[in-house]
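Single-structure report; data block below.
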Amino acid sequence: MKLPKQYEAKLYEADIYALWEKSGVFTADPSSQKKHYAISMPPPNETGTLSLGHALFITLQDILIRHARQQGKDALWLPGTDHAALPVNAIIERQLMEEGTNKHAIGREEFLRRTRTFVGNSRDTMLKQMRIMGASADWTRLRYTLDDALNRCVNETFVKMYNDGLIYRGNRIVNWDPQLETNVSDDEVMYVEEKGTFYTFRYGPFEIGTARPETKFRDKYVVMHPQDKRYAQYKHGDTLEVEWINGPIIATIIKDEAVDPKFGTGVMTITPAHSLVDFDIAERHNLDKEQIIDLHGNLLPIAGEFAGMSIDKARSQIVKKLTEKGLLVNVDNKYVHHVAINERGRGVIEPQIRLQWFVDVNKPVVMWKGENQSLKTVLQHVIRDEDINLIPKRFEKVYFNWIDNLRDWCISRQIWWGHRIPVWYRTNTDGREETYVGVQPPTDKNEGWHEWKQDPDTLDTWFSSALWTWSTLIDQDLAADYTLSLSELLKRSPDFQAYHPTNVMETGWDILFFWVARMVLATTYMTGQIPFKDVYLHGLIRAEDGKKMSKSRPESIIEPQEIIDHYGADALRMALIMNVSPGNDQNWGRGKVEANRNFCNKIWNIARYIETVLGNRWSTTTPIPTTPADHWIVYQLALAQQGINKDLDNYKFSEAYAKLYRFIWNDLADWYIEASKVSPNRPLLAHLLQSILVLAHPFAPFVTETIWQTLPPGTNSLLAAQVLHKPLKADKDKGVLFEKIQKIVVEARLITKSLNVRNAKLHHKNDPLLAAHGSVIAHLAHLESVTPSEEAFEYIHLTGHEHVWLNIPKAKGYTFVRELQVKQTEQEKVIQNLENRLANKAYMEHAPNNIIEETKKQLSEARITLESIKAEVNRFS
RNA sequence: GGGUGAUUAGCUCAGUUGGCUAGAGCACCUCGUUUACACCGAGGGUGUCGGGGGUUCGAGUCCCUCAUCACCCACCA
């Protein structure tokens, strides 16, 4: 088949993907005798289209999976998508707002219908885009966080935790988002700096500061540090009457160490219902916690004349009233404070006390390694005991720091999109309430009781994603059989038995807490296994200017689709891993994509050339290396293959890729193929082409498979199904001859280039290397000829070769002598360094022998080179 | 307040356990259209590896310290 001059990715990629998918190469087989290898794909949120971040994880995981297949493993890459409760909810609510309506107006059913349509469209787009990226995922095992089987796992987990006392319902202060009308977990809260006003008011004998006067109506506890001498006269529990916003109130003195005596006056009043810190203080001393603000952010009747006002409106009026009462002491307009906002949806968080479901992270009821532990301590153990490795390792410190600050996990949400909480309530005619917690809804209908009603709340998205590695491996049909217990189900699920724990979790460091830690938590608890052995954390992709890609700056967002349309998926894949290290963010740059588009084209043209040279003379005979170049390239190939395997085994994507790039472009294309033009070794060329296609395939699956499909019969089938073979044996010493040839070529090129001499001739006197390989050298160095001759004094000698010279007239040699002198000085410096090193007693005593030997060898070589340069300089001076 | 990362060529960044004269891509300059490729080939790098100190025979790499930038966690009412 005749290939066109340039590789046009978009002409082939779709067909190639279809070919793979049809063939079933991506489908894993748990009954296979091969070694199993598994990766759970982090399910992308169904919120629109794939981003560059998704493109990155698809690339990294696809490389690992294809590499595992090449190593002869049964590889499962299980794909899926996430219903993404909160983010999706935020999008739908925004849509509704733009249409001038809201969720209450359309009702739960209609809301869910709209949401399903939206996520359905998103899912179709995203799954299509994953294929466009070349993801070799097992689509027969596609999962969705809201699948029935996964939903069962969610309920099983909830119920088990409930029965173990790990899940409880309680009135606690939570991060309430009045905009989305739900609470969110601590990890979803973001703090942004904001300039505000800080007021100081007189409060009886004290002065208290606040940035939020609107919460202060019922502040009846005045708190100070127990050791603060300024207030030693006041005792804990003392009461006094003070004049306040709506008249006099009775204040109670509380002594608590949470107060910083150095901040402000060292005295504060507290609002337990609307501040996390205040709530904790109130808990410690068993104080009243009165709600001041309602769930929509408006003041309650407790605010008297201000009731019903939004907090923003009320603030200035309250200040005004306090000023009129003469209670305002000071106003500071330059106060900088941190406002809590919901990361999803950006609503301002108003802490509220609410009846919510929590996961207790401190209760020691989790069996792990034969010990009763808390969820928290299990989390610590698996990393400390190296059951799970974090890559890069430095994230362990971040991880432990997060655990140290971990509080009970609030898992209930008031949004409608998500897994329903498996709890039902009913009352009887006497008003007595019953609660039922179960994997399936209760069915009994007793006399005198009303219908069971399910808890209206949904679960935090991360509660279901936490089960991802194993809930996806459960046999989906068996899961419908509720007579089986979960442990029986796990035992009878072939996928779970074959693929769990998975080998590696590859994801961004930004969801280490949200997701990775929670998978560890839920999976160890439910299955007694770790979810994965390694965690590889990649960095984020930022805009070209180094800032985050953000929807508020649409020009900063790069769509993978657009890049693929222009440059092809392979070019994008390689650009994303080139010169990138784990855990470190990278800035997007188009330059890398272009470079890799060119690399694809290079591979294409190597194939084009080799296919032309071989024509219809393809043979399947084992190639026999004959020339030094043959031995050299075979040896280099073996080195590259070993190096790439080792790097990928250690998740060194960037380094593996660099080795591949160097081998294909520099070694094979620039040196070997050029050298082979003198006398092509056809079987070896065929072998080399097939080898690089296999080696490059995990990185650039499309272009390599496209070429593979053009190979003649007998070599075809699917590249995606090929395994790595043992490299051919090469004679390393014969290969070294080629390195000598390279040195001669490089120098000949350099001299002819710098003197601008064309069609120079290279002569030698009885040099066996040149006698044997003259034509190759002539071709590579663009020389007219390499011929034996008698010594001619006025010509330029090659360094280190006393009897090899270029037929460049002596006159031109005088121009060259300056460069030779520079070289001489450099060489003298090198020799001086090496001599000093060897003269150093300490060095000779401490350095290992091989290093010393190496130094000696370098020195002797450097001396020969210097002598050669010197001789040449002398001839012209 | 606590922590992490970054600082290496004009730009964007690699550099594995310390060990040859520190690398890549892009950009730039010179030459070249030798029939695989101009998305190409050949040649071209004087980098105080952020500053200072230390450990070592030997430091871009390990330790201390300072500076700048980015980020994470906690959060002062």
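Below, chains carry the letters A, B, ... as their sequence lines are ordered, and counting in each starts from 1. The figures that follow rest on heavy atoms only: side chains count, while hydrogens, waters and symmetry mates do not.
Residue side chain Lys548(A) does not reach the base of A70(B) through any donor-acceptor N/O pair under 3.5 Å, judged by distance alone. Side-chain to base pairing of Asn579(A) with A24(B): one donor and one acceptor N or O lie within less than 3.5 Å of each other. On a pure distance criterion of 3.5 Å, no polar donor-acceptor pair joins the side chain of Arg608(A) and the base of C37(B). In terms of polar N and O atoms assigned as donor or acceptor, the side chain of Gln858(A) comes within less than 3.5 Å of the base of C20(B) in a complementary pairing. Between the side chain of Gln6(A) and the base of C39(B), a donor-acceptor pair under 3.5 Å is found. Residue Lys397(A) places no side-chain atom within donor-acceptor reach of the base of U4(B), judged by atom type and a 3.5 Å distance cut-off alone. Within 3.5 Å, no donor on the side chain of Lys5(A) pairs with an acceptor on the base of C37(B), nor the reverse.
Taking the six-membered ring for Trp and the full ring otherwise, Tyr399(A) and Phe513(A) have centroids separated by 6.0 Å or more.
The nucleotide whose nearest atom lies closest to any side-chain atom of Arg542(A) is, among A70(B), C39(B), A6(B), A70(B). Each of U16(B), A36(B), U4(B) was ranked by its minimum atom distance to the side chain of Arg394(A); first place goes to U4(B). Taking the side chain of Arg758(A) as heavy atoms from C-beta on, and the options C73(B), G32(B), G25(B), the nearest nucleotide is G32(B). In this structure, the nucleotide among A36(B), A6(B), A74(B) sitting nearest to the side chain of Asn584(A) is A6(B). The side chain of Asn598(A) lies closest to C40(B) when the candidates are A77(B), G43(B), C40(B). For Trp509(A), whose side chain is taken as the heavy atoms from C-beta onward, the closest listed nucleotide among G25(B), C75(B), C72(B) is C72(B).
For the pair Thr269(A) and Asp585(A), both in contact range of RNA chain B, the more 5′-proximal nearest nucleotide belongs to Asp585(A). Mapping Ser754(A) and Phe599(A) onto RNA chain B via the closest heavy atom, the residue that lands nearer the 5' end is Phe599(A).
Geometrically, Lys677(A) engages Tyr609(A) in a cation-pi contact, judged by NZ or CZ lying under 6.0 Å from the ring centre and within 45° of the ring axis. The side-chain tip of Arg202(A) does not point at the ring of Trp244(A) from less than 6.0 angstrom away and within 45° of straight on. Geometrically, Lys195(A) does not engage Tyr335(A) in a cation-pi contact, judged by NZ or CZ lying under 6.0 Å from the ring centre and within 45° of the ring axis.
Stacking between His782(A) and U34(B) is present: the aromatic ring centre lies within less than 5.5 angstrom of the base six-membered ring centre, and the two planes differ by under 30 degrees.
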Quiz item: Given pairs defined as Watson-Crick or G-U wobble with both distances under 3.5 Å, what dot-bracket annotation applies to RNA chain B, with ( ) intrastrand, [ ] crossing, | other strand and . unpaired?
Solution: (((((((..((((.....[...)))).(((((.......))))).....(((((..]....))))))))))))....
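If you take atom C1' in U46(B) and the same atom in U56(B), they sit 28 Å apart, rounded to whole Å.
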